[in-house]
Number of protein chains: 2
Amino acid sequence: MFPERTIDSRPEWPDTSLMAPSSPQSQARPLPDALREAQDRYIATWSQMGSAWGISRTMAEVHALLYITGDALCTDEVMDRLEISRGSASMSLRALLEWGVITRTHKRGDRKEYFLAEQDVWAMFRAIVRERMKREVDPMLASLFEIRDMTGGMGTIAKDHNDRLDQLLLFFEVMQMFGQRFISPTGEGLQAAADILSKSDA
Amino acid sequence: MFPERTIDSRPEWPDTSLMAPSSPQSQARPLPDALREAQDRYIATWSQMGSAWGISRTMAEVHALLYITGDALCTDEVMDRLEISRGSASMSLRALLEWGVITRTHKRGDRKEYFLAEQDVWAMFRAIVRERMKREVDPMLASLFEIRDMTGGMGTIAKDHNDRLDQLLLFFEVMQMFGQRFISPTGEGLQAAADILSKSDA
DNA sequence: TGGCTCTTTCAATGTTTCCTGAAAGAACCA
DNA sequence: TGGTTCTTTCAGGAAACATTGAAAGAGCCA
């Protein structure tokens, strides 16, 4: 069902008792193999999710990497870790910035840009919902209104057609309202509720 | 922002005062040009929407056509209207059946199958949400749990990593709960509320 | 200003995804 | 059973999409 694409997802664990001298990590701190493998599987999972929802695999992978490591990584680190080209890394990072799910940072005495993923999952999804509404739902609603106007004065011959459009318009307006509530400060109330729930039954 | 793809979306109206003797329509009833054009624009809009959300353009077009006409159409009618091949029409129709957003019907004395779109927008979206949860969210949650288990016993070195996964898991569990509420009979309450809203301020 | 480092762009290329159309399959009828 | 009508399948081709890498751009420093 999902497209075949994994970043080495072996089913078994290697020996994890020692630190492996893995490739040059962010700040010279090598990672236990098990952790690295878990990261890779997370990256693969997130990239599958992304492609099912119309986000390019690489962009999803870059985001997954930044989120799961929690580190501020530079372009070269992203390239090396995901084995992608400079151009691809650059474009993905920029797109993620535009989505508002990562931010630029700098390190003292280093000219490179570092990228850090939004660490609050709810804030991250608020950003995603905000962008998708802006890019897809709003224009579509505008189109639907226009289309509705095309047959507005046609009388009974277009009645059913217009009713169907009205039904759709109503639905998307309701959804838009929900979306706005989700991304607004009120949406943070939802997050708070979820946080409380999580603590009460953990 | 959206990919270029339209089904003849001229900005101006043709003369709509008369029925145009258009191509052989479902039941030999020709359509006013304006109505046909509005249908085309709806089809184009819906197909754009679809591709932004990972649904193939053709499949979205077929669904749009069935929804907006409200008619039970057979494969040949779909092919002719959208100018797609028999194979493509057949596959799209089957996929739409699997999604549960269209149904098969038959006409007396006719061996062909006819296809009818679910006409209730809320029922349609309940079907879509149900399928997407089943196909994408549930497997992803399963993966996240597995990944979480990979580093469950690793102690402090994986603490932050595990916290991040837990945050994601919590988020998706909340979303799953919402989704289930949306698709359950309770979800119909939502629909009812929206219907009332629409009548009260129309 | 010239040289250095890092970032962005984009034409060419590679890859995935989708569509086509012919052929096989299935259901029905006489 | 053979013929007719409709549906599904799938290999091959076409289109859409993503990635690469080299070159241009941008900022910085001495």
Side-chain angles (χ1 to χ4, degrees), chain A residues 1-7 43-44 46-48 50-65 72-99 102-115, chain B residues 1-7 26 43-44 47-48 50-63 65 72-98 102-116 135:
Chain A
M1 179 164 292
F2 281 124
E4 206 67 60
R5 159 130 181 166
T6 50
I7 296 187
I43 293 167
W46 198 240
S47 98
Q48 283 181 335
S51 37
W53 290 82
I55 275 85
S56 90
R57 279 187 316 280
T58 301
M59 189 173 147
E61 283 183 4
V62 172
H63 179 263
L65 174 63
L73 302 181
C74 68
T75 308
D76 291 79
E77 287 166 333
V78 171
M79 288 167 58
D80 293 349
R81 179 65 202 272
L82 299 177
E83 301 181 86
I84 59 177
S85 72
R86 182 168 302 283
S88 195
S90 172
M91 293 205 305
S92 295
L93 287 166
R94 201 145 86 77
L96 290 168
L97 285 169
E98 272 159 24
W99 277 82
I102 67 173
T103 51
R104 282 183 220 265
T105 61
H106 292 275
K107 292 194 179 176
R108 203 168 295 283
D110 188 339
R111 207 135 102 221
K112 281 201 286 290
E113 287 183 317
Y114 287 77
F115 300 90
Chain B
M1 181 162 293
F2 281 121
E4 206 68 59
R5 162 133 180 161
T6 49
I7 295 186
S26 173
I43 292 168
S47 98
Q48 284 181 334
S51 36
W53 291 82
I55 275 84
S56 90
R57 279 189 315 280
T58 302
M59 188 173 148
E61 284 183 4
V62 172
H63 178 262
L65 174 63
L73 303 181
C74 68
T75 307
D76 291 79
E77 287 166 332
V78 171
M79 287 168 57
D80 293 348
R81 179 67 202 272
L82 299 177
E83 301 182 86
I84 59 176
S85 70
R86 181 168 303 283
S88 193
S90 171
M91 293 204 305
S92 294
L93 288 165
R94 201 147 83 77
L96 290 167
L97 285 169
E98 272 159 24
I102 68 173
T103 50
R104 282 182 220 265
T105 60
H106 292 274
K107 292 192 177 176
R108 201 168 298 282
D110 188 340
R111 207 136 101 222
K112 282 201 285 291
E113 287 182 318
Y114 288 77
F115 300 90
L116 188 63
R135 295 176 192 210

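Just so we're clear, the structure is a prediction, and the values are computed from it rather than from any experiment. Protein chains get the first letters and strands the later ones, always in sequence-line order, with residue 1 at the start of each.
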Original post:
Could you go step by step and tell me if L65(A) and L73(A) meet the side-chain contact (heavy atoms from CB on, under 4.5 Å) rule?
Top reply: CA-CA 9 Å; L65(A) 174 63; L73(A) 302 181; 3.9 Å; yes
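The interatomic distance linking L97(A) (CG) with dT8(C) (P) rounds to 8 Å, in whole Å. In this structure, the CZ atom of R57(B) is 18 Å from the P atom of dT16(C), given to the nearest Å. Taking atom CG on L73(B) and atom P on dC6(D), their separation rounds to 16 Å, with Å as the unit. In this structure, the CD atom of E98(A) is 11 Å from the P atom of dT8(C), given to the nearest Å. Taking atom CG on L93(B) and atom P on dT20(C), their separation rounds to 13 Å, with Å as the unit. If you take CE of M79(A) and P of dT20(D), they are 9 Å apart, rounded to a whole angstrom. The distance from atom CG of D110(A) to atom C1' of dG27(D) is 14 Å, rounded to the nearest whole Å. Per the geometry, CD1 belonging to I55(A) stands 14 Å off C1' belonging to dC17(D), to the nearest Å.
Checking R104(A) against E83(B), the closest nucleotide of DNA chain C that is more toward the 5' end is the one next to R104(A). Take the nearest nucleotide of DNA chain C for K112(A) and for A89(B): the residue whose nucleotide is more 5' is K112(A). In terms of position along DNA chain D, the nucleotide closest to F115(B) lies nearer the 5' end than the nucleotide closest to the other residue of the pair F115(B) and M59(A).
In this structure, the separation between CE on M91(A) and CG on L93(A) is 11.0 Å, given to the nearest 0.5 Å. Annotation: the span from M79(A) atom CE to S92(A) atom OG amounts to 12.0 Å, rounded to 0.5 Å. For the atom pair K112(B) NZ and R104(B) CZ, the distance stands at 15.0 Å (nearest 0.5 Å).
Minimum atom distance to the side chain of R111(A) is reached by dG27(D), of the listed dG27(D), dT7(D), dT7(C). Nearest nucleotide to the side chain of I84(B), out of dT7(C), dT20(C), dG21(D): dT20(C). Taking only side-chain atoms of S88(A), from C-beta outward, the nucleotide of dT20(D), dT8(D), dT8(C) with the closest atom is dT20(D). Distances from the side chain of M91(A) to the nucleotides dT8(C), dT7(D), dT9(C) place dT9(C) closest. The side chain of R86(A) sits closest to dT8(C) out of dT8(C), dT7(D), dA16(D).
Using a 4.0 Å cut-off between charged side-chain N and carboxylate O, E98(A) and R94(A) make a salt bridge.
Taking only side-chain nitrogens and oxygens, S90(B) never comes nearer than 4.0 Å to OP1 or OP2 of dT7(D). Considering only side-chain N and O atoms, R94(A) lies under 4.0 angstrom from the phosphate OP1 or OP2 of dT9(C).
Using a 4.0 Å heavy-atom cutoff across all strands shown, S56(B) reaches sugar-phosphate atoms only and no base atom.
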